[in-house]
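Working notes, structure below.
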Amino acid sequence: MKMHQKLALICTATLALTTTAAHAAKPAQLDDGLPTTLRPANYKAKYPTDNAAIVRGEKLFRSDKLSTNGRACSNCHAEASTFGPNFTKPYPHPAMNSQARFGVPKLHLDEVVQVCLQGPLRGTPLEWGSPEQADLVAYLTYVQKTGKMSAR
Ligand code: HEC
């Protein structure tokens, strides 16, 4: 088994555990916090592509600022290959068992960020259109396009 497959297995288990815990604590918020995971109705995404935004996004990705358990996105995603087999395909695309978990066949990039943020990082979902969301999406789009984890 390749390293990234092992990582995916471990991480999927973590996601499942987190989901179970959240369900037990808050039965009213089933489906991984559906209202905040999926884009609000009529949401128009406008994300930056400039280098400053990419660099800010990378900093956020490598920090534990968004988590409540000291984790950073980069703990699990140290290389572009850790984002899974569909990552290089244009968004929205099938991801994270979205049909079973969220009732939609595909997820947008800003939506998969919300899933990882609320799951492994146990963080508060990002506000739609917030600067943090914009910067993270800018950075991840850069990684998706270039396969590089650092903009510097
Ligand atoms: C505990 C490990 C873990 C942490 C921490 C984590 N992720 Fe993930 N992430 C995963 C797993 C597992 C997948 C699914 C990989 C697969 O499909 O093989 C994934 C997938 C993704 C994908 C690609 C989804 C797709 O299929 O297009 C993105 C983008 C992503 N994560 C962003 C983030 C961001 C941003 C953070 C920090 C807020 C983060 N991740 C933190 C485990 C993690």
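For ligands, and for the atoms within them, numbers begin at 1 and follow the listed sequence.
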**Report entry** Test of proximity, Asn86 against ligand 1: N or O pairs below 3.5 Å
**Finding:** no

Query raised in the report: Purely on distance, is any nitrogen or oxygen of His77 under 3.5 Å from one on ligand 1?
Result: yes

Query raised in the report: Can Ser67 be said to touch ligand 1, with heavy atoms closer than 4.0 Å?
Result: no

**Report entry** ligand 1 contact on Leu66 by region, counting heavy-atom pairs under 4.0 Å
**Finding:** neither

Query raised in the report: Which atoms from ligand 1 have a heavy atom of His93 less than 4.0 Å away?
Result: 25 (C), 26 (O), 27 (O)

Query raised in the report: Are Val55 and Val113 grouped together when hydrophobic residues (ILVMFWY) are joined by side-chain heavy atoms under 4.5 angstrom apart?
Result: no

Report task. Answer yes or no: is there a side-chain heavy-atom contact under 4.5 Å between Leu140 and Val112? Result -> no

Requested in this report: Confirm or rule out an N/O/S atom of Cys73, from backbone or side chain, lying less than 2.8 Å from atom 8 (Fe) of ligand 1.
Outcome: no

**Report entry** Sub-4.0 Å atoms of ligand 1 with respect to non-hydrogen atoms of Ala72
**Finding:** 5 (C)

Query raised in the report: Which is closest to atom 16 (C) of ligand 1 in terms of heavy atoms, Pro94, Ala95, Gly84, Ser98?
Result: Gly84

**Report entry** N or O contact, Asn75 vs ligand 1, cut-off under 3.5 Å
**Finding:** no

Report summary line: Checking heavy-atom distances from atom 20 (C) of ligand 1 to each of Lys89, Glu132, Met96, the winner is Met96

Report summary line: Within 4.0 Å of some non-hydrogen atom of Arg71, the atoms of ligand 1 are 1 (C)

Report task. Could you pull out all residues at least two apart from Asp110 that satisfy side-chain contact (heavy atoms from CB on, under 4.5 Å)? Result -> Arg39, Tyr43, Ala45, Tyr47, His108, Trp128, Gln133, Val137

**Report entry** Residues which pass side-chain contact (heavy atoms from CB on, under 4.5 Å) with Asp64, listed by chain and number, not counting sequence neighbours
**Finding:** Ser67

Report task. For atom 8 (Fe) of ligand 1, decide whether Cys76 has an N, O or S atom at a distance under 2.8 Å. Result -> no

Query raised in the report: Of the choices Phe83, Phe61, Tyr91, Tyr139, which has the non-hydrogen atom that lies closest to atom 27 (O) of ligand 1?
Result: Tyr91

Query raised in the report: Does Ser150 offer a backbone N or O that forms a donor-acceptor pair with the side chain of Tyr142 under 3.5 Å?
Result: yes

Query - Donor-acceptor contact present, side-chain Asp135 to main-chain Glu132, <3.5 Å - result: no

Query raised in the report: Does Asn86 use its side chain to pair, donor to acceptor, with the backbone of Pro94 at less than 3.5 Å?
Result: yes

Requested in this report: Show which atoms of ligand 1 fall inside a sub-4.0 Å distance from at least one heavy-atom site of Leu109.
Outcome: 29 (C)

Query raised in the report: Short question: side chain of Gln144, backbone of Phe87 - any donor-acceptor pair under 3.5 Å?
Result: yes

Report task. Between Leu121 and ligand 1, find which residue part has any heavy-atom pair under 4.0 Å and reply side chain, backbone, both or neither. Result -> side chain

